[in-house]
Chemist: 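Got a structure here, written out as structure tokens. Questions coming.
Being a predicted model, the structure only gives us computed values, none of them experimental. Order of the sequence lines fixes the chain letters, A, B, ..., with proteins taken first and strands second; residue numbering starts at 1 for each chain.
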Amino acid sequence: MTNPYEVLGVSPSATDEEIKKAYRELAKKYHPDKYADSPLKDVAEQKMKEINEAYDQINDMRRNGNTQSSSYRNAAQSKYYAVRVYIQRNMVDEAEQLLGRTPVEERDAEWNFLMGMCYFRRGWNDKAKEYFTTAHNMDPGNAEFKTALDNMNRRAGYGYGGYAQSTGGGSSDCSFADVCSMILCADCLCSCCRVCR
Amino acid sequence: MFGYLRIDKAELKVREYEAYKAVYCGLCKQLGRDYSVFSRAVLSYDCTFYAVLLMSLNRGCKGFRDGRCVCNPLKKCKFAECSDQSYSKAAALSIISVYYKLHDDLLDSGFFRRLPIYFILPLFSRSHKKAARLYPELETLVAEMMRMQRDAESGSETSIDEAAHPTALMLSKILCAEGADEPQKAVLSELGYQLGRWVYLMDAADDYYKDRRNGCFNPFLKYEKEEAVNRMEDALSVSLGRAFDAYSLLELTDFKGITENLLRFGLPLQQSRVVSKLTEVTDDKSL
């Protein structure tokens with residue numbers, strides 16, 4: 001068993017506040033939402049699990065309180081269930097083959113979304129964005145499709161260095177509606193970290 | 001590769017910059033030792049990054065040694081010492097990729113541009129043979145990439161994704177081979193794929209006007225300038241974002257400041273340099 005303090009990168013003498021801060025930073029780094037549609041989802045989830053366990057363990061040791069294991073929400077069943085399973089296992093070719101069997105006239109929003117996922121897993125970002133956009137346009141109310149598209153747009157605003165220049169495209173502005181929906185989404189999805197429990 | 005994988009010097013700590021330079025000089029020395037004096041000329045920032053990443057992954061750097069620059073004996077410099085194959089692998093990759101690049105140029109260019117290549121190529125073929133013998137897997141990957149690239153560019157309706165795929169796949173496989181276990185392999189292949197894609201697209205963006213003038217293949221040429229620039233920015237940033245997300249999952253200790261600097265500052269800086277140059281210039285001829 002690894003030392004939970006090592007996992008969080010703090011010393012055993014750290015205060016509760018310091019541990020919470022370290023945990024928060026790591027949770028932000030490995031947050032599953034960031035990797036929701038990425039092929040590295042499993043790796044990120046594993047890391048998240050590790051830090052969750054470490055944080056729980058430290059809290060247990062310090063408080064002798066009881067813990068709850070994290071529950072993870074399963075994807076809703078759909079007619080594309082098999083496709084989703086393939087994508088989850090990173091078997092993109094098989095997923096795409098299955099999708100290819102859907103007749104053209106039956107290709108709905110979810111079909112487009114899943115095609116987008118296949119391309120995204122391959123790293124073909126451009127094609128993926130096209131499909132995500134189509135999915136979102138066909139069913140604007142669907143949160144899953146919107147998140148995928150928003151994630152793409154978030155990455156397009158890659159400007160960690162502060163050198164990102166807007167070249168007149170104006171794609172980086174953020175409206176109040178965006179902020180609101182982001183907070184709402186974050187609130188709904190935030191079941192994986194322990195801070196707001 | 002094309003020299004886009006650079007650090008942003010201004011954002012580095014002095015000791016990190018010195019370490020980076022020491023790897024650069026160390027790689028140059030290795031090229032001279034393994035191949036020939038001429039082969040030092042193929043030293044690139046891309047392969048320096050490859051060496052830094054390898055040393056960081058394998059924890060192979062064993063300290064620094066004072067010495068003198070071989071090209072300019074008056075200049076003192078430090079050399080990073082390394083106990084594993086990081087240098088020799090990076091040197092082999094430099095040789096192999098330059099060799100294939102020259103071959104590619106030979107097929108593409110006119111008579112006067114071809115002439116000097118005919119002189120240089122024989123100097124390289126011996127080095128290339130040796131590099132290919134030492135690291136046959138690198139040789140196969142680069143050769144395969146070149147073949148796929150030719151196929152992709154000869155198609156009439158090649159999309160951005162398809163055009164960038166060969167380079168991306170090559171770097172993905174090169175980095176994936178360094179993973180210690182399955183999760184790390186997955187992280188490295190995603191990092192490699194997105195970085196390779198970014199490098200290819202940067203080169204395409206950089207050569208937009210040149211390729212248009214010369215009628216060469218470029219995945220962005222099918223769009224008008226405004227639209228092309230938007231697509232470039234979008235595609236480049238998404239790739240960089242995904243590369244950074246993958247990088248965040250790597251647990252590095254050695255040279256962490258350098259690799260992080262490259263992804264967070266160096267590459268965005270290169271990107272904005274190329275893209276802003278493209279938007280500023282209105283007259284095609286001046287480039």
Chemist: Between B:E226, B:Q194, B:R273, who has the most heavy-atom pairs with chain A when the cutoff is under 4.5 Å?
Modeler: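 Of the options given, most contacts go to B:Q194.
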Chemist: Heavy-atom distance under 4.5 Å to chain B: side chain of A:K47, backbone, both or neither?
Modeler: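 For A:K47, the side chain is the part near chain B, not the backbone.
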Chemist: Which bit of B:S189 is near chain A, if near means a heavy-atom gap under 4.5 Å: side chain, backbone, both or neither?
Modeler: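 For B:S189, no heavy atom lies under 4.5 Å from chain A.
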Chemist: With side chain to side chain contact (heavy atoms under 4.5 Å, CB included) as the criterion, how do B:V23 and B:M55 come out once you've worked through the C-alpha distance, each side chain's angles and the decisive distance to 0.1 Å?
Modeler: CA-CA 9 Å; B:V23 175; B:M55 281 192 212; 4.2 Å; yes
Chemist: Quick check for you: to the nearest 0.5 Å, what is the distance between B:D151 atom CG and B:T158 atom OG1?
Modeler: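 Output value for this atom pair is 10.0 Å.
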Chemist: Do A:Y5 and A:I19 come within less than 4.5 Å of each other through their side chains, counting heavy atoms only?
Modeler: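 Yes, their side chains come closer than 4.5 Å.
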Chemist: Is it the backbone or the side chain of B:A168 that comes under 4.5 Å from a heavy atom of chain A, or both, or neither?
Modeler: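 No part of it gets close to chain A.
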Chemist: Measure from NZ or CZ of B:R6 to the centre of the six-membered ring of B:Y20, then state whether that distance is under 6.0 Å and the direction lies within 45° of the axis.
Modeler: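 Negative - B:R6 is either too far from the ring of B:Y20 or too far off its axis.
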Chemist: Under 4.5 Å heavy-atom distance to chain A, tell me which part of B:Q270 shows up: side chain, backbone, both or neither.
Modeler: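 When you check distances to chain A, no heavy atom of B:Q270 falls under 4.5 Å.
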Chemist: When you measure from the side chain of B:S237 to the backbone N and O of B:D234, does any donor-acceptor pair fall under 3.5 Å?
Modeler: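 A pair under 3.5 Å: no.
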Chemist: Check whether B:Q184 gets within reach of chain A through its side chain, its backbone, both or neither, counting any heavy atom under 4.5 Å.
Modeler: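 No part of it gets close to chain A.
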